[in-house]
Number of protein chains: 2
Amino acid sequence: MRVLVLGIDGYLGWALTLRLIRRGHEVFGIDNFYTRKAVAEVGSDSALPILSMKDRIKAIEEVFGTKIGFVEGDVTNYDLIKKVISEFKPDAIVHFAEQRSAPYSMIDVEHAKYTIINNLTSTLNVIYAIKELGKNIHLLKMGTLGEYGYPAFRIPESAFVDAVIQGVRDRIVVPRWGGSWYHWSKVFDSYILLYANKLWGLTITDFHQGPVYGTRTEDIVSEELFTRFDVDDVWGTVINRFCAEAVTNHPLTIYGSGLQKKGFTSLEDTIRALAALIENPPEDGEFRTVHHYREIRTLNEMAELVRRASRQILGYEPEIAHLPNPRVEPEEDLSYEPERKVLARLGIYGLTRVMDEEVAVMLKDLVPYVDRVRRIEALFKPRVRWRD
Amino acid sequence: MRVLVLGIDGYLGWALTLRLIRRGHEVFGIDNFYTRKAVAEVGSDSALPILSMKDRIKAIEEVFGTKIGFVEGDVTNYDLIKKVISEFKPDAIVHFAEQRSAPYSMIDVEHAKYTIINNLTSTLNVIYAIKELGKNIHLLKMGTLGEYGYPAFRIPESAFVDAVIQGVRDRIVVPRWGGSWYHWSKVFDSYILLYANKLWGLTITDFHQGPVYGTRTEDIVSEELFTRFDVDDVWGTVINRFCAEAVTNHPLTIYGSGLQKKGFTSLEDTIRALAALIENPPEDGEFRTVHHYREIRTLNEMAELVRRASRQILGYEPEIAHLPNPRVEPEEDLSYEPERKVLARLGIYGLTRVMDEEVAVMLKDLVPYVDRVRRIEALFKPRVRWRD
């Protein structure tokens, strides 16, 4: 298949690209390198070294003997995305070209606006370009399970759900509640995609995951193929940050009570699911909501797991520090188990990674780069507060 | 009170300003004159002549002996809105500074993006400026009843509602379904306001109305005080367009079956409600959802009403033409009666205008300007289609 990857330089974009080419697909990528700049903006850097895009492409050629197409540019530029789609003629477009940090979106008004405007503009450009150039292109869009918040009902894996309101049964869009401007931008994205599907019959997979962790996939066979790995307060997801804290023997920083539950997934399992969804697209004109996570864990459980792995791999146990939660989120022990049937129904739900083994791999990958991690150690503590 | 009116040059912004100064309030306005430009962009113009802002301000001074403050500028400019709030120190901000045409938002990708980006940027700027400069400022935001679509349940007049989903009772945000990018921008606005209220305790009135009609309020005592009056396919709301069609003896253009129901309100009653909500603000930190409409009518009923009024005022009956509906909306006879208790509970729900009398006033106001109306007669037919 011909797959256009928007945001190819990112944590998932790059790892997915490696998988796609190894599975014989043709890949074209677009990136504006905004994440590299925005990570530098908050004084940070990827904990694992990553090559420039030019060298990344060269590395792919050397390791796998495959060429990929790439253009540096911004998906908020409609002419660019139209031109690329016209020329490359993709079967599928994977849309990662969004600002993806909740804390970054909460820094101030400019970062709030950047997040919402960038994310919605890119989504609008993509749906209009598909409508204009090829309605049969399958759009796979990265959302987040965080769009739903923590409702009392079990989160259904569908765009619409039956609800009884004011005594009347109706079919409503699954209710959502964002926990940051970033999350709201993803909520708005979902509505835009759903409307585009109803209006124009676009074929869409709206993919929702919890936090991803991991340094490796089966394709990252050498360090020159590393995907980025962020561990600071703004860009690092929680398990990745815990592992970086562990290798510098910094306390593992839990925000608040640590009873918050998340649906975690390893990088390998994420990429496996994404590749499967590309290779098994929805019917023409179908809107498919997909939930994906491997294990529901509290932050406390994850910190304990990283601590145990540290003892084994590093020979010591880092402390655990509960910091005042900079976010506004429920901290009590809630029932949380979003539905996830679609991937299983497609017969493509084979999860491969065991959490503590994966954490061990991460610690081993980070040890040679402990000096890089130490340079951003000051950034483990959260600097962005949801309320003043 | 000191009231900052964002979008002061618009249909409602200008009419509200006249009311506020006559009730002894101090008004400062901002406008970028985008509506004037965007109406010209589609080849149209206000059917009633309106003065430049400079002359409008002079007219207010001459007729009422009152000065208002004004700055030409864009609410998407954060520094501007901050400066104006710092200097004027408003008690209330009325936020009309949004692109307010559904067809305009559906022209193409650029108009879709303009609508969503302009509207969300202005709302984000306003809430951040209030958070930074004075959390006690009351924000009154113009939404639309169109945010809800046409659900089976009765639309509750509140931000949240109880719902039973997957067998579990929960409190969810009142479900919404936009019928155009314009409507979705208003839906997103509502979520942004609700989140700002929960996060920072901002005091907000989220005001939802159906289509407004009318040329006059009690304050529009001379033609130099006219507010704009749009009647073309892109900018005209339905009763206003019917009246313009009537004076040129053009068929009244109904889109589709005409069974679509709307909650209509006269300009006078709209302005009365807005002034009352400003003078009776919510409690500090309260989020108040307010619905306002006078009468639920189908488009067919409204066309008949305008036809009857035409016979009386103009001496002839225009035809009624059912055109293919350019919009995607339900056209069957649905039950529709959004809750509206808040204005009544505040004791400020005195509706004054009788629909057919108001339509008669509109026809009389338009007759002297029949040549202006004839110049845009070609624009009565819808040019913007929701689907290709």
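Quick caveat, the model's predicted, so the values are computed rather than measured.
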**Prompt:** When you look at B/W184 and A/I192, which way does the side-chain contact (heavy atoms from CB on, under 4.5 Å) test go after all the steps?
**Reply:** CA-CA 8 Å; B/W184 282 112; A/I192 288 173; 5.7 Å; no
**Prompt:** So, for B/I155 and A/Q166, which heavy atoms are closest and what is the spacing to 0.1 Å?
**Reply:** C-NE2, 4.2 Å
**Part of A/W386 lying under 4.5 Å from any heavy atom of chain B** = both
**Message:** Need one label for A/F160: side chain, backbone, both or neither, based on atoms under 4.5 Å from any heavy atom in chain B.
**Reply:** side chain
**Item:** Residues A/H183, B/Y195; criterion side-chain contact (heavy atoms from CB on, under 4.5 Å); working and verdict
**Value:** CA-CA 11 Å; A/H183 289 96; B/Y195 191 59; over 6 Å; no
**Asked** Of all of A/L194, A/V174, A/I127, which one pairs up most often with chain B through heavy atoms under 4.5 Å apart?
**Response** A/L194
**Which atoms of A/I172 approach chain B - backbone, side chain, both or neither, heavy atom under 4.5 Å** = side chain
**Message:** Is there a side-chain contact between A/K113 and B/T76 in this structure, where contact means two heavy atoms from C-beta onward sitting under 4.5 Å apart?
**Reply:** no
**Item:** chain B contact via A/P175 - side chain, backbone, both or neither, heavy atoms under 4.5 Å
**Value:** side chain
**Asked** For A/D388, is it the side chain, the backbone, both, or neither that has a heavy atom closer than 4.5 Å to a heavy atom of chain B?
**Response** side chain
**Message:** Can you tell me which portion of A/V109 sits under 4.5 Å from chain B's heavy atoms? Options are side chain, backbone, both or neither.
**Reply:** both
**Prompt:** Measuring heavy-atom distances to chain B, does A/K131 have an atom under 4.5 Å in its side chain, in its backbone, in both, or in neither?
**Reply:** side chain
